[in-house]
Number of protein chains: 2
Amino acid sequence: MLSEERLNATLHASGRRLTRQRRIVLEILKESQEHLDAETIHDQAKARDSQVSLATVYRTLALLKEIGLVEEHRLGEGHAHFEAVQSSPHYHFTCLGCGRVIEFDAPQVMEVARALGEREGVEITTTHLFFSGYCPQCQQERRNSRNDQL
Amino acid sequence: MLSEERLNATLHASGRRLTRQRRIVLEILKESQEHLDAETIHDQAKARDSQVSLATVYRTLALLKEIGLVEEHRLGEGHAHFEAVQSSPHYHFTCLGCGRVIEFDAPQVMEVARALGEREGVEITTTHLFFSGYCPQCQQERRNSRNDQL
DNA sequence: GTCCATGCAAACTGTTTGCACGCGC
DNA sequence: GCGCGTGCAAACAGTTTGCATGGAC
């Protein structure tokens, strides 16, 4: 598993340690190819190994983010979601009705980032593109409930 | 002032009221063409009219968002920023070093949204494009501090 | 006068932190 | 065994809510 090696190497290089908990959190994120929130990661971690605290989950997520193995997303809700970095970047649409998330790709984003970096001299390290609205089913429901009101 | 009329009309239509506080919050957002956080809006509101509570600021922001006069942004930090909706959509870059924000336009985003809407049948109501990284000055500082470590 | 909106304080959610113990190296 | 990482609980920041009073219409 490549990313565990990377984790191990990075930790060693900075005098830090590869612990059971850190391995578990990374595994969970790699296996479930979804954006999980801290609470969910914590639950799954406890299922694998009784004692993992929520604080450690947060500390580990910060660490993995720093190393670049994990990305944090804010999908409109009050809390954050995390996912293992994948080879191809992708973006998110969230349905405001049912919370369903659709992932999509958009190569144009890299071009926008490149152009902005060039124009402003900034170095762009992360890009987020986030849409929200209504999925087909929820569009239908909203139409119905509007009719009910008349 | 167009948007106050819109606010007034929308409120009337749904049996709600245009209060001093609601007018103040909308004015603040219109005048300062920036993304303010709730705390800042609250401070400015108090300056104009002694008694405006933070709870009301939040309730009003939710209302203005619902009506479509105000947008909420999550610029990487833990708290939300709000700004009056402008005719032309625009997006944000935040410097991770100093917090500086650069606004930019990117017409390509609408095209991406259109294409996704068509392909998935979703109705997209809001779009966020958010970059983070380092501005020129902070890139320099990071280079320096890295050299210091060697 | 009616009923929505407000102020206040308390509750709540997600996240961070201080400290003593535990464990990777 | 040294020192980083952990668990626990308390602290914290941002936001929301219940309730009695105030104010728009």
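Letters go in sequence order (proteins before strands), and every chain restarts at 1. On a predicted model such as this, the values are computed, not experimentally measured, just so you know.
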> At the 4.0 Å heavy-atom cut-off to chain A, mark where contacts on DNA chain D begin and end, going 5' to 3'.
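Answer, 5' to 3': dG3(D) to dC8(D).
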> Please report, rounded to the nearest Å, how far the C1' atom of dA5(C) is from the CZ atom of Arg23(B).
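That distance rounds to 14 Å.
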> Base, sugar-phosphate, or nothing for Arg17(B), non-hydrogen atoms under 4.0 angstrom?
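Counting heavy atoms under 4.0 Å across all strands, the contact made by Arg17(B) includes a base.
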> Expected output is a numbered-order residue list: members of residues 60-70 of chain B with a heavy atom under 4.0 Å from any atom of DNA chain C. What is it?
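Result for residues 60-70 of chain B: none.
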> Rounded to whole Å, how long is the line connecting atom CD1 of Ile24(A) with atom P of dC23(C)?
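So the CD1-P distance, Ile24(A) to dC23(C), works out to 14 Å.
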> So which one's nearest nucleotide on DNA chain C is more toward 5', Ala80(A) or Val52(B)?
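The residue whose closest nucleotide sits nearer the 5' end is Val52(B).
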> Between Arg6(A) and Glu4(A) (salt bridge meaning N to carboxylate O under 4.0 Å), is one present in this structure?
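No, Arg6(A) and Glu4(A) are not salt-bridged.
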> Side-chain N or O of Gln51(B) less than 4.0 angstrom from OP1 or OP2 on dC8(C)?
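Checking dC8(C) against Gln51(B), a side-chain N or O does come within under 4.0 Å of OP1 or OP2.
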> Any carboxylate oxygen within less than 4.0 angstrom of a Lys/Arg side-chain nitrogen, looking at Lys30(A) and Glu27(A)?
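Glu27(A) and Lys30(A): not salt-bridged.
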> Grab the CG-P distance between Asp43(A) and dG14(C) for me, whole Å please.
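For the pair Asp43(A) CG and dG14(C) P, the rounded distance is 12 Å.
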> Please determine whether side-chain contact (heavy atoms from CB on, under 4.5 Å) holds for the pair Ile28(B) and Arg48(B), giving the CA-CA distance in whole Å, both sets of side-chain angles, and the decisive distance to 0.1 Å.
CA-CA 10 Å; Ile28(B) 289 170; Arg48(B) 300 194 187 199; 3.7 Å; yes
> In whole angstrom, what separates Leu7(A)'s CG from dG24(C)'s P?
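Interatomic distance, CG of Leu7(A) to P of dG24(C): 15 Å.
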> Using 30° and 60° as the class limits, which term best fits the ring planes of Phe104(A) and Tyr91(A): parallel, tilted or perpendicular?
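Phe104(A) vs Tyr91(A) ring planes: tilted.
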> Side chains of Arg23(B) and Leu18(B): does their closest heavy-atom pair fall under 4.5 Å?
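Yes; the side chains approach each other to less than 4.5 Å.
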> Could you check how far CZ of Arg74(A) sits from C1' of dT13(C), rounded to whole Å?
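Going from Arg74(A) (CZ) to dT13(C) (C1'), I get 12 Å.
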> Roughly, in whole Å, what's the span from CD in Glu77(B) to P in dT15(C)?
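From Glu77(B) CD to dT15(C) P: 15 Å.
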> Looking at Ser53(B), I'd like to know whether one of its side-chain N or O atoms comes within less than 4.0 Å of OP1 or OP2 on dT6(C).
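Looking at the OP1 and OP2 atoms of dT6(C), neither is under 4.0 Å from any side-chain N or O of Ser53(B).
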> Give the cluster check for Phe82(B) versus Phe130(B): same hydrophobic cluster or not, with ILVMFWY residues linked at side-chain heavy-atom distances below 4.5 Å.
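Different hydrophobic clusters.
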> Map Phe82(B) and Arg22(A) onto DNA chain D by nearest heavy atom, then report which one ends up closer to the 5' terminus.
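The residue mapped nearer the 5' terminus is Arg22(A).
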> Could you say whether Thr19(B) or Leu54(B) is positioned toward the 5' end of DNA chain D, judged by the nucleotide with the nearest heavy atom to each?
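The residue mapped nearer the 5' terminus is Leu54(B).
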> Would you kindly compare Arg59(A) and Asp37(A) by the position of their nearest DNA chain C nucleotide and give the one closer to the 5′ end?
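It is Asp37(A) whose nearest nucleotide is closer to the 5' end.
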> Are any of the side-chain nitrogens in Arg143(B) or Glu141(B) under 4.0 Å away from the carboxylate oxygens of its partner?
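Salt bridge flag = no for Glu141(B) with Arg143(B).
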> Which residues pass the side-chain contact (heavy atoms from CB on, under 4.5 Å) test with Gln51(B), sequence neighbours left out?
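With sequence neighbours excluded, Gln51(B) shows a side-chain contact (heavy atoms from CB on, under 4.5 Å) to no residue whatsoever.
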> Please state whether the rings of His35(A) and His92(A) are parallel, tilted or perpendicular, taking 30° and 60° as the class boundaries.
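Aromatic pair His35(A)/His92(A) classed perpendicular.
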